[in-house]
Amino acid sequence: MTRIEVVQGDITQLQVDAVVNAANQSLTGGGGVDGAIHRAAGPRLAAAGRALAPCPPGEARTTPAFDLAPRIRHVIHTVGPVWHGGTRGEAATLASCYRESLAAADAVGAHTVAFPAISTGIYGYPAHEAARTAVTALRSCPTAVERILLVAFDEAAREVLAAALEAGED
Ligand code: APR
């Protein structure tokens with residue numbers, strides 16, 4: 001049974017097998033959590049990402065975690081949708097990010113995976129809607145991953161993610 005939990009903090013400091021990165025299609029870094037992960041992993045991450053790019057929105061690519069190790073072994077890069085008001089299939093693309101990232105985690109045998117709140121920063125996706133889409137997608141995915149951490153970077157995000165988890169309780 002896969003456990004889904006909300007934690008608050010910096011995703012690069014977590015003790016998990018894999019961290020999911022909210023990347024852009026170039027996979028060579030950027031701002032937000034992408035910038036934090038690249039800074040912590042070191043320059044080899046951008047070189048590895050470049051070799052796998054472009055990554056279309058909704059898909060995932062896996063690289064080693066380089067200097068993030070030994071705590072973290074894999075970085076799963078996924079590209080979320082830019083929010084345009086919800087009329088351009090954003091929810092379906094976001095759900096695909098979570099599904100494809102979980103499949104990528106299974107492919108490398110990760111037991112624990114941490115997700116940032118994909119698309120809710122620079123890409124402008126409303127946090128409440130994104131959290132509901134994330135929880136619904138993750139709960140509908142068969143996976144061998146034992147523990148999924150939804151990482152909130154601040155208290156407001158933590159409350160939104162916790163509410164989405166509770167709302168989805170059977
Ligand atoms: N740990 C955990 N979460 C973080 C961290 C961190 N160190 N830094 C930022 N976040 C959170 C943000 O607060 C937000 O809730 O990650 C979530 C996603 O925000 P962004 O990083 O801005 O990602 P996104 O909205 O998906 O935009 C992606 O931004 O950085 C560029 O290259 C990236 O073009 C891509 C775009």
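This chain uses plain numbering: 1 for the first residue, then up along the sequence. Order of appearance sets the numbers: ligands from 1, and atoms from 1 within every ligand. Because the structure is predicted, anything quoted here is derived from the model rather than measured.
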Q: Please confirm whether Thr12 comes under 4.0 Å of ligand 1, counting heavy atoms of the residue only.
A: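 For ligand 1, residue contact (heavy atoms, under 4.0 Å) with Thr12 is absent.
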Q: Would you mind telling me if ligand 1 is within reach of the side chain of Ala127, the backbone, both or neither, using heavy atoms under 4.0 Å?
A: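 Neither; nothing of Ala127 gets under 4.0 Å from ligand 1.
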Q: If the contact criterion is a heavy-atom separation under 4.0 Å, does Gly35 count as touching ligand 1?
A: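 Distance cut 4.0 Å: Gly35 fails for ligand 1.
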Q: For ligand 1, which atoms sit closer than 4.0 Å to a heavy atom of Ala23?
A: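 Close to Ala23: 35 (C).
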Q: Considering only heavy atoms, which of Ala117, Gly32, Ala22, Pro116 lies nearest to atom 18 (C) of ligand 1?
A: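 Going through Ala117, Gly32, Ala22, Pro116 one by one, Ala117 has the nearest heavy atom to atom 18 (C) of ligand 1.
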Q: Is there a heavy atom of Gly80 sitting under 4.0 angstrom from any atom of ligand 1?
A: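 No, Gly80 has no heavy atoms under 4.0 Å from ligand 1.
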Q: Within the supplied structure, the quantity of interest is the number of heavy atoms (other residues, nucleotides, ligands) at a distance under 6.0 Å from His84 NE2; does it exceed 12?
A: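 Above 12, so yes.
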Q: For Cys55 versus Arg61, what's the shortest heavy-atom pair and its separation?
A: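 Between these two residues, the closest heavy atoms are SG-CG, 3.8 Å.
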Q: Does Leu102 form a side chain to side chain contact (heavy atoms under 4.5 Å, CB included) with Ile148? I'd like the steps, not just the answer.
A: CA-CA 9 Å; Leu102 212 44; Ile148 295 172; 3.9 Å; yes
Q: How far is atom 26 (O) of ligand 1 from the closest protein heavy atom, and which atom is that?
A: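 For atom 26 (O) of ligand 1, the nearest protein heavy atom comes out as Ser119 N, 2.8 Å.
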Q: Is the closest basic N to carboxylate O distance between Glu155 and Arg158 below 4.0 Å?
A: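 Salt bridge: yes.
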Q: Work out which heavy atom in Thr120 is nearest to a heavy atom in Ala130; give both atom names and the distance.
A: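 For Thr120 versus Ala130, the nearest heavy atoms are CG2-CB, 3.4 Å.
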Q: Is there a nitrogen or oxygen of Gly31 sitting under 3.5 Å from a nitrogen or oxygen of ligand 1?
A: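 N/O-N/O distance below 3.5 Å exists for this pair.
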Q: So for ligand 1, is Val151 a polar contact partner (N or O within less than 3.5 Å, distance only)?
A: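 In this structure, Val151 places no N or O atom under 3.5 Å from an N or O of ligand 1.
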Q: Stepwise, does the side-chain hydrogen bond (donor to acceptor under 3.5 Å, both in side chains) test hold for His77 with Thr63?
A: CA-CA 8 Å; His77 308 259; Thr63 67; 2.9 Å; yes
Q: Mind checking whether Val33 has an N or O less than 3.5 Å away from an N or O of ligand 1?
A: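 Yes: some nitrogen or oxygen of Val33 is under 3.5 Å from one in ligand 1.
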Q: Assess Gly9 for proximity to ligand 1: is some non-hydrogen atom of it under 4.0 Å away?
A: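 Within the 4.0 Å threshold, so yes.
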Q: List the atom of Ala104, the atom of Ile76, and the distance in Å for their closest heavy-atom pair.
A: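 Ala104 and Ile76 have their closest heavy atoms at CB-CG2, 3.9 Å.
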Q: Which ligand 1 atoms does Gly30 reach within 4.0 Å, using its non-hydrogen atoms?
A: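 Near Gly30, the atoms of ligand 1 are 30 (O), 32 (O).
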Q: On a heavy-atom basis, I'd like to know which of Tyr123, Phe115, Phe153 is closest to atom 12 (C) of ligand 1.
A: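 Nearest heavy atom to atom 12 (C) of ligand 1 lies in Phe153.
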Q: Is the shortest side-chain heavy-atom distance between Leu150 and Val7 below 4.5 Å?
A: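 Of all side-chain heavy-atom pairs linking Val7 with Leu150, none is under 4.5 Å.
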Q: Suppose I only count heavy atoms of Asp10 and a 4.0 Å limit; which atoms of ligand 1 are within that range?
A: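 Counting atoms of ligand 1 from 1, those under 4.0 Å from Asp10 are 1 (N), 6 (C), 7 (N).
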Q: Regarding atom 33 (C) of ligand 1: of the candidates Val79, Val7, Asp34, which has the closest heavy atom?
A: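 Minimum heavy-atom distance to atom 33 (C) of ligand 1 goes to Asp34.
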Q: With a 4.5 Å heavy-atom cut-off, do Ile118 and Val20 have their side chains touching?
A: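 Side-chain contact under 4.5 Å: yes.
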Q: In the protein, what heavy atom is nearest to atom 15 (O) of ligand 1, and what distance, to one decimal place, separates them?
A: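 Protein heavy atom at minimum distance: Thr120 OG1, 3.0 Å.
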Q: Between CE of Met1 and CD of Glu146, what distance do you get to the nearest 0.5 Å?
A: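 Interatomic distance, Met1 CE to Glu146 CD, rounded to 0.5 Å: 13.0 Å.
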